[in-house]
Novice: 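Structure provided below as structure tokens; questions to follow.
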Amino acid sequence: MLPDSKISQLIGLQIPGLSFPMEQLTAKEKVSKVIHTFADYTGNMIRHEQLQEVKRCFTIAGVLYRNGSNVLRNAIESVFMYALSPILCTQHRDMLPSSLRIVRIQHLQTIAL
């Protein structure tokens, strides 16, 4: 399992565009704040049609979701997916790892009730 205190460091290493913003977050920052920063960046990449970077972000989010703590998984579900769901078109949705597609469908079913 990935330690929550290392999430910002891991994201910063994997996504060069986030290395500086992630360095600004302290190890004590809440996981939700780190994931919010990650979601903002991913949203910007979607809006600017940077598809390779979007794919990279989704892949990293999938790895974090699969290997993270319950706190991290919850942050990805409630912050990352919640922020990005409204701006995902079919092309972007198809890039989501299967675990995040399921989360998105569950989220959409919840708000539809």
Novice: Is it the case that the side chains of Asn44 and Arg47 hold a donor-acceptor pair, with the cut-off being a distance below 3.5 Å and no angle test?
Specialist: yes

Novice: Locate the shortest heavy-atom distance separating Ser32 from Ala75; write the atom from each residue and the value.
Specialist: CA-CB, 4.2 Å

Novice: Do Val31 and Tyr41 share a hydrophobic cluster (ILVMFWY, side-chain heavy atoms under 4.5 Å, transitive)?
Specialist: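 Yes, one cluster joins them.
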
Novice: Does Val103 belong to the same Ile/Leu/Val/Met/Phe/Trp/Tyr cluster as Val71, with side-chain heavy atoms less than 4.5 Å apart forming each link?
Specialist: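 Same cluster.
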
Novice: What's the verdict on side chain to side chain contact (heavy atoms under 4.5 Å, CB included) for Tyr65 and Leu72, showing C-alpha distance, side-chain angles and the deciding distance?
Specialist: CA-CA 7 Å; Tyr65 187 76; Leu72 178 57; over 6 Å; no

Novice: For residues Leu96 and Met81, determine if any side-chain heavy atom of one lies less than 4.5 Å from a side-chain heavy atom of the other.
Specialist: yes

Novice: With side chains defined as the heavy atoms from C-beta onward, is the minimum distance between Thr37 and Ile11 less than 4.5 Å?
Specialist: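 Thr37 does not reach Ile11 side chain to side chain.
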
Novice: Do Glu49 and Gln91 have side-chain heavy atoms sitting under 4.5 Å apart?
Specialist: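 SC-SC contact between Glu49 and Gln91 confirmed.
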
Novice: Treating Ile, Leu, Val, Met, Phe, Trp and Tyr as nodes and any side-chain heavy-atom pair under 4.5 angstrom as an edge, say whether Ile105 and Ile87 lie in one connected cluster.
Specialist: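 Per the 4.5 Å side-chain linkage, Ile105 and Ile87 are not co-clustered.
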
Novice: Locate the shortest heavy-atom distance separating Ala83 from Ala39; write the atom from each residue and the value.
Specialist: CB-CB, 4.2 Å

Novice: Looking at NE2 of His36 and CG of Asp40, how far apart are the two atoms once the value is rounded to the nearest 0.5 Å?
Specialist: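 His36 atom NE2 to Asp40 atom CG measures 4.5 Å (nearest 0.5 Å).
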
Novice: Any chance you could lay out the side chain to side chain donor-acceptor pair (under 3.5 Å) test for Glu77 and Tyr82, step after step, and finish with the verdict?
Specialist: CA-CA 7 Å; Glu77 290 174 8; Tyr82 180 81; over 6 Å; no

Novice: To the nearest 0.5 angstrom, please state how far the CZ atom of Arg73 sits from the OG atom of Ser99.
Specialist: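 Here the rounded value is 7.5 Å.
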
Novice: Measure the spacing between NZ of Lys30 and CD1 of Ile35 and express it to the nearest 0.5 Å.
Specialist: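 Answer rounded to 0.5 Å: 14.0 Å.
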
Novice: Apply side chain to side chain contact (heavy atoms under 4.5 Å, CB included) to the pair Val63 and Gln14, showing each step before the final yes or no.
Specialist: CA-CA 12 Å; Val63 169; Gln14 295 297 315; over 6 Å; no

Novice: How many angstroms lie between CD in Gln9 and CG in Leu2, if you round to the nearest 0.5 Å?
Specialist: 12.0 Å

Novice: Roughly how far, to the nearest 0.5 Å, is the OG1 atom of Thr42 from the CG atom of Leu88?
Specialist: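 The OG1 atom of Thr42 is 10.0 Å from CG of Leu88, to the nearest 0.5 Å.
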
Novice: Does the side chain of Asp4 come within less than 4.5 Å of Val34's, by heavy atoms?
Specialist: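 Result no, sub-4.5 Å side-chain heavy-atom pair not found.
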
Novice: Could you pull out all residues at least two apart from Glu53 that satisfy salt bridge (Lys or Arg N to Asp or Glu O under 4.0 Å)?
Specialist: Arg56

Novice: Could you walk me through whether Ile76 and Leu100 pass side chain to side chain contact (heavy atoms under 4.5 Å, CB included), step by step?
Specialist: CA-CA 9 Å; Ile76 290 173; Leu100 296 183; 3.8 Å; yes

Novice: Mark yes when over 12 heavy atoms from residues, nucleotides or ligands other than Asn70 sit less than 6.0 Å from its CG; otherwise mark no.
Specialist: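 No, CG of Asn70 has 12 or fewer neighbouring heavy atoms, counting only those of other groups under 6.0 Å.
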
Novice: Side-chain heavy atoms nearer than 4.5 Å, only ILVMFWY residues, links allowed to pass through others: does that put Met95 and Ile60 together?
Specialist: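 Result: yes, single cluster for both.
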
Novice: Please determine, by modelled atom types, if Arg101 and Ser98 share a side-chain donor-acceptor pair under 3.5 angstrom.
Specialist: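 Judged by distance alone, the side chains do not pair up.
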
Novice: Any side-chain heavy atom of Val79 within less than 4.5 Å of one from Phe38?
Specialist: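 Of all side-chain heavy-atom pairs linking Phe38 with Val79, none is under 4.5 Å.
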
Novice: Rounded to the nearest 0.5 Å, what separation is found between the CG atom of Asn74 and the CZ atom of Phe80?
Specialist: 14.5 Å

Novice: Between Met22 and Leu10, is there a side-chain heavy-atom distance shorter than 4.5 Å?
Specialist: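 SC-SC contact between Leu10 and Met22 ruled out.
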
Novice: If you count the non-hydrogen atoms of other residues, nucleotides and ligands that lie under 6.0 Å from CD in Gln24, is the total more than 12?
Specialist: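 Buried by this count: over 12 neighbours within 6.0 Å.
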
Novice: Hey, does Ile15 have a side-chain heavy atom less than 4.5 Å from the side chain of Cys57?
Specialist: yes

